[in-house]
There are 2 protein chains.
Amino acid sequence: MNPSPEESARELLEVIPVVMRDIRSQMRSRRSPDLTVPQFRALGFVDRNRGSSLSDVAYHMGLTLPSTSKLVDGLISRGLMAREEHPDDRRRLKLAVTRRGLSTLETSRRATLAYLSAKLGNASGEQRELIVGAMGALRSIFSATAYREQGVK
Amino acid sequence: MNPSPEESARELLEVIPVVMRDIRSQMRSRRSPDLTVPQFRALGFVDRNRGSSLSDVAYHMGLTLPSTSKLVDGLISRGLMAREEHPDDRRRLKLAVTRRGLSTLETSRRATLAYLSAKLGNASGEQRELIVGAMGALRSIFSATAYREQGVK
DNA sequence: TATTGTTATACTCTATAACTATA
DNA sequence: TATAGTTATAGAGTATAACAATA
């Protein structure tokens, strides 16, 4: 018998924050102190989508433009990302990860994956299969989210 | 063939933040603006573990004592939680959820579960089964985390 | 001296409101 | 007028360092 939506929701609400906190703690720890989770995600997105605008990043991350602007600001001021001019539309940004940003991203990714892999290595193969399957399902359920209208008065 | 720890880690790192952001956004939205995710979790923990000390909460949440102190402070100043004196050890707190805190917790929980249930209702029963199974596995993998030594010089 | 918690300080994350520049 | 982005402001989350009170 399959679990109800309610039961599944309860499980998600209990477990997701716990896993998330663990990931966040790891990223803040000595081993990979360079990027926070949102910084990591933004950098990774722009790396995979070179030339993205700020709005693209905001949409992907499910953040407002001001939040995204500030987030990106921090990355730019640290030399991890670069702002270029868009040829056609001068309002628009073209974002790109710098060489240094890429190296930081890789270091952070390696450290975090190593940390998580060690934990997941203690689980059984069946458990990992469950997890990977569930992540696929969750991705399709949750990724079409994001973007709430900007409150233009 | 079962997925490797590395592959599983990669999936986790991609999907968990997306789901988490969605939950956080929902909690911040008009429908349940009363509690943030950490507030919700702290209140829920103390509700299930009446008389917990601050350290108990910190341990459960994987936070430092100062962070937890501030978090609990906010709940107390809003009348959602109460600090009582411990009979045996006057350094220790005994925390309890107030009636108003309980009602806020219930409202928030209902709204969030309804939101998540609606999303999960669009998934198939098999997908929900995967998800519930994976949450169980993740719980056992990640819940023994928490607590880094306090930096007492 | 060790433990429990608080206060001081600082940064990041995130939002809304108001604004600028460009289209 | 509509769109892309920034700036101003504010509150929550989180940490480390330093402290106070109690054991």
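Naming convention: chains lettered A, B, ... in sequence-line order (proteins, then strands); numbering from 1 in each chain.
A ring pair (Phe, Tyr, Trp, His ring centres under 6.0 Å) check over residues 5-55 of chain B, counting only residues at least two apart or in different chains, returns the pairs Phe45(B)-His60(B).
Distance Asp88(B) CG to dT3(C) P: 18 Å, rounded to the nearest Å. One can place CD of Glu85(A) at 12 Å from C1' of dA21(C), the figure rounded to the nearest angstrom. Atom pair Arg90(B):CZ and dA2(C):P shows a separation of 23 Å (rounding to whole Å applied). For Leu43(A) and dC13(C), the CG to P distance is 12 Å, given to the nearest whole Å. Atom CE in Met27(A) sits about 15 Å away from atom C1' in dC13(C), given to the nearest Å. Nucleotide dG13(D) holds its P atom 15 Å from the CE atom of Met20(A), rounded to whole Å. In this structure, Gln39(B) atom CD and dT14(D) atom C1' are separated by 14 Å, rounded to whole Å. Rounded to whole Å, atom P of dT14(D) lies 7 Å from atom CG of Leu71(B).
In terms of hydrophobic clustering, with Ile, Leu, Val, Met, Phe, Trp and Tyr side chains grouped at heavy-atom distances under 4.5 Å, Met27(B) and Leu63(B) are assigned to a common cluster.
How far CZ of Arg92(A) is from NE2 of His86(A): 5.5 Å, rounded to the nearest 0.5 Å.
Between Ser67(B) and dG13(D) there is no side-chain polar atom (N or O) within less than 4.0 angstrom of OP1 or OP2. Of the side-chain N and O atoms in Arg24(B), one or more sit less than 4.0 angstrom from OP1 or OP2 of dT14(C).
Using a 4.0 Å heavy-atom distance criterion, Arg41(B) is classed as making no nucleic acid contact.
Here Arg83(B) pairs with Asp73(B) under the side chain to side chain donor-acceptor pair (under 3.5 Å) rule; sequence neighbours left out.
Side-chain contact between Leu12(B) and Leu120(A) is present, with at least one heavy-atom pair separated by less than 4.5 Å.
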Tabulated below should be each protein N or O lying under 3.5 Å from an N or O of nucleotides 5-8 of chain D; please produce it.
residue : atom : partner  : partner atom : Å
dG5(D)  : OP1  : Leu54(A) : N            : 3.3
dG5(D)  : OP1  : Leu93(A) : N            : 2.7
dG5(D)  : OP2  : Ser55(A) : N            : 3.0
dG5(D)  : OP2  : Ser55(A) : OG           : 2.5
dT6(D)  : OP1  : Arg83(A) : NH1          : 2.4
dT6(D)  : OP2  : Ser69(A) : OG           : 2.6

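In this structure, Glu7(A) does not pair ionically with Arg10(A), as no charged nitrogen and carboxylate oxygen lie closer than 4.0 Å.
The backbone N or O of Gln26(B) sits less than 3.5 Å from a side-chain atom of Ser29(B), completing a donor-acceptor pair.
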